[in-house]
S.K.: 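Pasting in a structure now, in structure tokens, and then I'll have a few things to ask.
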Amino acid sequence: MINGAGQDYITRQIEQLEREITTLKEEITEYQANVDRLQAAIDAAEDALAE
């Protein structure tokens with residue numbers, strides 16, 4: 001059985017991990033938006049070169 005202090009520590013660690021996961025998800029979303037913009041620019045450049 002985990003005592004109160006141990007449970008509090010585990011709870012704090014879980015909360016910290018949840019915050020880190022949220023931050024990582026936000027960063028992934030930003031990176032994906034950058035990839036999408038870069039892909040659009042590449043596509044436009046390829047189209048311009050093909051003309």
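Remember, predicted model here, so these are calculated numbers, not experimental data. Residue numbers count from 1 along this sequence.
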S.K.: Can you tell if the side chain of T29 reaches within under 4.5 Å of the side chain of E26, non-hydrogen atoms only?
M.R.: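 Side-chain contact under 4.5 Å: no.
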S.K.: Can you tell me how far apart NZ (K25) and CD (E20) are? Round to the nearest 0.5 Å.
M.R.: 13.5 Å
S.K.: Drop me the distance from L17's CG to T22's OG1, to the nearest 0.5 angstrom.
M.R.: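 One finds 10.5 Å between CG of L17 and OG1 of T22.
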S.K.: Calculate, to the nearest 0.5 Å, the distance between atoms CD1 and CD belonging to I21 and Q16 respectively.
M.R.: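 That separation rounds to 10.5 Å.
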S.K.: In Å and rounded to the nearest 0.5 Å, what is the CD1 to OH distance from I14 to Y9?
M.R.: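 Spacing of CD1 (I14) from OH (Y9) equals 11.0 Å.
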S.K.: Could you grab the distance from atom CD of Q39 to atom CD of E46, nearest 0.5 Å is fine?
M.R.: 7.5 Å
